[in-house]
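The next block holds one structure in the form of structure tokens; read it before the comments.
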Amino acid sequence: MFQFQTPQTLQPTILPALFHHQRHCITAAFRPSPASSVTLTISSPTTNKNHSIQSLCRKGQLKQAIHLLSHEQNPTQYTYELLLQSCVREKSLADALTVHRSLIDNGFDQDPFLATKLITLYSELDSIEHARQVFDKTTHRTIYVWNAIFRALSLSGLGEEVLNLYRRMNRIGMRSDRFTYTYVLKACVVSDSGLSSLWAGKEIHAHVLRHGYESQVHIMTTLVDMYAKFGCVENANLVFSSMPVKNLVSWSALIACFAKNDRPFEALRLFREMMLESGDMLPNSVTMVSVLQACAAVSALDQGKLIHGYILRKGLDSILPVMSTLVTMYARCGDLDLGKNVFNQMDKRDIVSWNSLISSYGIHGLGSKALAVFQEMVQLGISPSPISFVSVLGACSHSGLVDEGKILFDSMVTEYGIYPTMEHYACMVDLLGRANRLYEAAKIIADMRDEPGPEVWGSLLGSCRIHCNVELAERASRRLFELEPRNAGNYVLLADIYAEAKMWDEVKRVKKLLEASGLQKVSGCSWIEVRRKIYLLKSVDELNPQIEQIHAFVENLSKEMMKKGYVPQTKDILYDLDSEEKERIVLGHSEKLAVAFGLINCSKGETIRITKNLRLCEDCHSFTKFISKFADREILVRDINRFHHFKDGECSCKDYW
DNA sequence: GAGGAAGGGC
């Protein structure tokens, strides 16, 4: 070991040139001596011990390596690099801290290279506090150091902090590189400050263009994703279209964007376009997941089966996310058995796969089956996740298993240490509310520790709609109008309740409120897949040449059925009209049109599968029950919440929905 | 000399 005094003016940056052959050992080997002069410590050319430590690291023997480290007087930067790598592999925070301490003791605490490694290491060990300390103590911050802390903070969900640091970095004149942009854009997504982070994202978008990075696929794809996560589908689309270079990830990002933002038809269209336009680009498991979600959203069973075939041919059937999505896709497309088959054939399963199956039973109204699967899972030693409870409580709710649901809810904390979130409370309110235990539901809300959110009040309002409770509905909607003034559905629900109670002045008042707010009521529509094509039905539809014929068909059908005892249910109608007018309106509901379309176009014996965007109305429900017997057809209808399986004049929901 | 993008269950 050599030790000598250096003049104060000697800068670390010129040292590598002086001691070229020992670059690793020197870059950050400054250590202020007690005498305030600068002492430079240079280790001898890599010692045998260094070699041994390095080789132990490579062999995965971290403990032995650390032991040897305590006997090495001059560990090199490279030695530390390997040690830190091993700590990541071993996921050992304790070892990381030991190595870190040794690194400080040996004068590497200002080494930007190792600082980068340390920040990344602590981030992977979920110790953001330590990562932040390293960043704060590093005075010479290269862009690598900045990027590492941006990434670490983003991964911990501290987007706001990243954006503040990014602004600070810009102020001191540090230039971003192409990695910086991807990290700070990600930070916008994970930041919880809503619109202001979207603005930050747009600003960074401008920086990206100003600095000529528009051909960087990674950055542009991150931009697509950023806009997607904020629901700015048009912006995402624009960025994608402007990209001079696109790859599979960029395509998948936009497909996911459509799938996640309620535009499944566009997701499927883009997927087809990708397959046609870029023959050499083969979809992978990530692409498949989004495409399957789109199939599930529109109940495109036949298309889903084609994708399933592709998955098998490409050997993607061992990938868990793909398989869980397949289970969900089949269930949501109405084929619970195929979903079960996929689940049964999986050779490994994780909590998500189980949750998929539980909620599949749930939406098909098979609450006890869902409960049984939940129990089976627990008995196999798999710990339920918060979402397991959302799924199983939802299943109880759809089947009216109130007591079972209450027991499960209580067991969350007592047996599993899972504290209920807003979603769990919403499930409980729904469970009790649907069962007409509205005041118990209201008590759940009153007893909540946190401020009840819109999902909770929305559940209560929905239940008030089912059981026509004006008093509670008024209370719930008052809060809802404050919490989500832009949700037209809440106004409609309240108006429905007033209408059922024949409080016509109140109906008028709420309708005026809705009009004044400029919000659009979501109009009902239904769709049906016939021979791999999806047909959309709406009550009023100038574009559909067949619509008159279908309306006439429904009218005749209804007349025939009325002779056999079908009585139209018109209490949902929002207008104070005579009953004949009301009957005419409910007859025009899109679901009945879809049933008629199915009867005309599906072959005999084939189950008619219909999907609709709202909750099934009372009259469509009794109409479809009636027709399943009258026309001797099985009809499967998925509404916004669940499935109804109509057969022989009965519905699988047993009129509880 | 180092680091980056898309995806599962409600």
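Residue numbers begin at 1 in each chain, while the letters A, B, ... track the order of the sequences.
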Can you figure out which of B:dG9, B:dG7, B:dA5 approaches the side chain of A:Ser385 most closely?
B:dG9

Taking OP1 and OP2 of B:dG9, is either one under 4.0 Å from a side-chain nitrogen or oxygen of A:Gln293?
yes

Rounding to a whole Å, what distance do you find between A:Tyr181:OH and B:dG4:C1'?
14 Å

For A:Ile351 and A:Ser388, which heavy atoms make the closest approach, and how far apart are they?
CD1-OG, 3.5 Å

With a 4.0 Å cut-off on heavy atoms, is A:Val217 in touch with a base, just the backbone sugar-phosphate, or nothing at all?
base

Choose from B:dG9, B:dA6, B:dA5 the nucleotide whose nearest atom is closest to any side-chain atom of A:Asn355.
B:dG9

Should A:Lys246 be listed as having a side-chain N or O under 4.0 Å from OP1 or OP2 of B:dA6?
no

A:Thr182 side chain: which of B:dA6, B:dG9, B:dG4 is closest?
B:dG4

Using the ring of each side chain (for Trp, its six-membered ring), is A:Tyr166 parallel, tilted or perpendicular to A:His207, with breaks at 30° and 60°?
tilted

If you measure from the Lys or Arg side-chain nitrogens to the Asp or Glu carboxylate oxygens, is any gap between A:Glu234 and A:Arg263 under 4.0 Å?
yes

Value in whole Å for how far the C1' atom of B:dG7 lies from CD1 of A:Ile255
11 Å

Short side-chain N/O contact to B:dA5 OP1/OP2 from A:Lys229, under 4.0 Å:
no

Which whole-number value in Å describes the distance from A:Met377 CE to B:dG9 C1'?
11 Å

Can you measure A:Ile418 atom CD1 to B:dG9 atom C1' for me and round it to whole angstrom units?
14 Å

Quick one: which of B:dA6, B:dA5, B:dG7 gets closest to the side chain of A:Val289?
B:dG7

When only distance counts, do a donor and an acceptor, one from the side chain of A:Ser360 and one from the base of B:dG9, lie under 3.5 Å apart?
no

In whole angstroms, the gap separating P of B:dA2 from OH of A:Tyr183 amounts to 13 Å

Report the distance from atom CD1 of A:Ile119 to atom P of B:dA2, rounded to the nearest whole Å.
17 Å

Checking all strands, does A:Ile319 fall into the base, sugar-phosphate, or nothing category for heavy-atom contacts under 4.0 angstrom?
base

Gap between atoms CG and C1', on A:Leu248 and B:dA5 respectively (whole Å):
11 Å

Side chain of A:Ser252 - closest among B:dA2, B:dA5, B:dA6
B:dA6

Shortest non-hydrogen pair, A:Leu408 vs A:Phe389, comes out as O-CE2, 3.8 Å

Under 6.0 Å between ring centres: does that hold for A:His218 and A:Tyr181?
no

Nearest listed nucleotide, side chain of A:Asp225, among B:dA6, B:dC10, B:dG4
B:dA6

Quick one: which of B:dA2, B:dA5, B:dG4 gets closest to the side chain of A:Val249?
B:dA5

Is the distance from the ring center of A:Tyr183 to that of A:Trp146 below 6.0 Å?
no

Proximity to the side chain of A:Glu423 - top-ranked nucleotide from B:dC10, B:dG4, B:dA6:
B:dC10

Listed nucleotide nearest any side-chain atom of A:Ser285, set B:dG4, B:dG7, B:dG9:
B:dG7

Confirm from the modelled atom types if A:Arg151 and B:dG4 form a donor-acceptor pair under 3.5 Å, side chain to base only.
no

Does A:Thr328 have a side-chain nitrogen or oxygen under 4.0 Å from the phosphate oxygens OP1 or OP2 of B:dG9?
no

Categorize A:Ile351 for me: base, sugar-phosphate, or nothing, with a 4.0 angstrom heavy-atom threshold over every strand shown.
base

Does atom CG of A:Asn170 have more than 12 heavy-atom neighbours from other groups under 6.0 Å away?
yes

Specify the separation, in whole Å, of atom CH2 of A:Trp251 and atom C1' of B:dG7.
18 Å

Check every strand shown and say whether A:Ala148 touches a base, only sugar-phosphate, or nothing at a heavy-atom separation below 4.0 Å.
nothing

Sugar-phosphate only, base, or nothing, as touched by A:Ile219 at under 4.0 Å among non-hydrogen atoms
base

